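All heavy atoms count here, side chains included; hydrogens, waters and symmetry mates do not. Lettering of chains follows the sequences in order, A, B, ..., and the numbering in each one begins at 1. Remember, it's a predicted structure, so these values are computed and weren't measured experimentally.
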Protein chains: 2
Amino acid sequence: MCPSDDIGFFLKLINECIEKNANQALKPFDLTLSQARILFYLHDHQDATTSQKDLEEFFEVSHPTIIGILNRLEGKGFIHSEHCSKDKRVKSIFLTDKGGKVFYSMDHFRKNNEANMLQDLTDKQIKELKSLLKIVYKNIQ
Amino acid sequence: MCPSDDIGFFLKLINECIEKNANQALKPFDLTLSQARILFYLHDHQDATTSQKDLEEFFEVSHPTIIGILNRLEGKGFIHSEHCSKDKRVKSIFLTDKGGKVFYSMDHFRKNNEANMLQDLTDKQIKELKSLLKIVYKNIQ
DNA sequence: GCAGAATATGTAGCATGCTACAATTATACA
DNA sequence: TGTATAATTGTAGCATGCTACATATTCTGC
């Protein structure tokens, strides 16, 4: 067993390296990668209200996981939540002013992160990589 | 932001899907994927003694992470550890009989897991995928 | 309308990852 | 030799993932 032979293990190494780098880069914003991804989602979906359920489904994680991340974001003042008046089971999640501002501060991070990861790859190679990963994902789902 | 556009996020989805499937499959053996990977390593390196440091470096994780996994494995009787007589700082890790037996029970898991993930991919595509992932890993390290 | 099912969120406890700090042992060099 | 440094392991506390169970609200079918 060595990293390049065991693709499952190699994917884990890559994923954790991405997380470590991103968490380091996001430290000045007092955010982790998982937390930043939630802010990105909220910013990109401001036209519609967002519930915990929406986030669970988009990020493919369990609801206790989302609750934990949202609680930390709300504690730091990046988001605000309130019970939906139409359906009291549902909690609607909003970006606060602070959350909106930090989003713009992180914009360069968001754009440069993927670019750095894909440097030295041609457009054709990137397309091929996405295509192969899609097949792998389909196989394991 | 959608999974196929953000390769970083997509890699996270794939990795967590692999872990969920593996942890489910390993439940009958009372093991998690991280724990099983340690047993695989110990089995493959029985000719040499293994320290915590060796495992940290191979799996590219911090030492408290390794300590936690080893403590759970030792608590369940799959491994045994003792202080090295030559260098009392070092703890040597060994597979127990129970650990050796469960390794053979899991052998089909180990072999079929990767195969399932890579079904519908030609040898050429698998080679290409490994090659692209190596470039990505090099970019982010 | 009411009982039971379904849905959304909350809580408890665990595994695996981390950093920061501590303790022990070995090494290096003045 | 003796002291400072390095190396290895240990501990505390946190973030993010999970399952299992609990609670509150809505929906369904009679």
query: Any ion pair linking A:Glu128 and A:Lys124 (charged N to carboxylate O, less than 4.0 Å)?
result: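 Salt bridge: no.
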Grab the [atom1]-[atom2] distance between [X] and [N] for me, whole Å please.
{"X": "B:Ile18", "N": "C:dT16", "atom1": "CD1", "atom2": "C1'", "answer": "16 Å"}
{"X": "A:Lys20", "N": "C:dG17", "atom1": "NZ", "atom2": "C1'", "answer": "8 Å"}
{"X": "B:Glu16", "N": "D:dA15", "atom1": "CD", "atom2": "C1'", "answer": "13 Å"}
{"X": "B:Asp87", "N": "D:dT9", "atom1": "CG", "atom2": "P", "answer": "8 Å"}
{"X": "A:Asp30", "N": "D:dC14", "atom1": "CG", "atom2": "P", "answer": "15 Å"}
{"X": "B:Ile93", "N": "D:dT8", "atom1": "CD1", "atom2": "C1'", "answer": "12 Å"}
{"X": "A:Gln35", "N": "C:dC18", "atom1": "CD", "atom2": "P", "answer": "17 Å"}
{"X": "B:Arg72", "N": "C:dG17", "atom1": "CZ", "atom2": "P", "answer": "9 Å"}

query: Within the structure shown, what part of the strands sits under 4.0 Å from A:Lys12 by heavy-atom distance: base, sugar-phosphate, or nothing?
result: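 The answer is sugar-phosphate, as A:Lys12 gets under 4.0 Å only of primed atoms, P, OP1 or OP2.
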message: Considering every strand and a 4.0 Å limit on heavy-atom distances, what is the contact class for B:Ser34: base, sugar-phosphate, or nothing?
response: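 The residue B:Ser34 makes sugar-phosphate contact but no base contact.
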- prompt: Looking at B:Thr65, does any N or O in its side chain come under 4.0 Å of the phosphate oxygens OP1/OP2 on C:dC18?
  reply: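 The answer is yes; a side-chain N or O of B:Thr65 sits under 4.0 Å from OP1 or OP2.
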- request: Answer yes or no: does a side-chain N or O of A:Ser62 lie under 4.0 Å from OP1 or OP2 of D:dT19?
  value: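 For A:Ser62, the contact criterion (side-chain N or O under 4.0 Å from OP1 or OP2 of D:dT19) is not met.
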- request: By nearest nucleotide on DNA chain C, pick out whichever of A:Lys27 and A:Gln52 is the more 5' one.
  value: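 By nearest-heavy-atom nucleotide position, the 5'-most residue is A:Gln52.
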field: Given DNA chain C, 5'-ward residue of the pair A:Gln24 and B:Thr32, judged by closest heavy atom
entry: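 First, find each residue's nearest nucleotide; the 5'-ward one identifies B:Thr32.
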field: For B:Ser131, side-chain hydrogen bond (donor to acceptor under 3.5 Å, both in side chains) partners two or more places apart
entry: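 Result, side-chain hydrogen bond (donor to acceptor under 3.5 Å, both in side chains) vs B:Ser131: none returned.
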- prompt: A:Gln119 and A:Asn116: side-chain donor and acceptor closer than 3.5 Å?
  reply: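 Yes, a side-chain donor-acceptor pair sits under 3.5 Å.
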- request: Side chain of A:Pro64 only, please: which of D:dC18, C:dA8, C:dC18 is the nearest?
  value: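 Taking heavy atoms from C-beta onward, the closest nucleotide is D:dC18.
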Given D:dT16, D:dT9, C:dG10, the nucleotide with the shortest approach to the side chain of B:Lys91: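 Nearest nucleotide to the side chain: D:dT9.
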- prompt: By centroid distance (under 5.5 Å) and plane angle (under 30°), are B:His63 and D:dT8 in a stacked arrangement?
  reply: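 It does not: the ring fails the test against the base of D:dT8.
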Side chain proximity check, A:Ile67 to A:Gln52, heavy atoms < 4.5 angstrom: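 SC-SC contact between A:Ile67 and A:Gln52 confirmed.
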- prompt: A:Val61 or B:Glu56: which one's nearest nucleotide on DNA chain D is closer to the 5' end?
  reply: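 Result: B:Glu56.
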query: Any donor-acceptor pair under 3.5 Å joining the side chain of A:Arg89 to the base of C:dT9?
result: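 Checked by distance alone, the answer is no.
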Cationic tip of A:Arg37 above A:Phe59 ring, under 6.0 Å, 45° of axis: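 Judged by the rule (NZ or CZ under 6.0 Å from the ring centre, within 45° of its axis), A:Arg37 is not positioned above A:Phe59.
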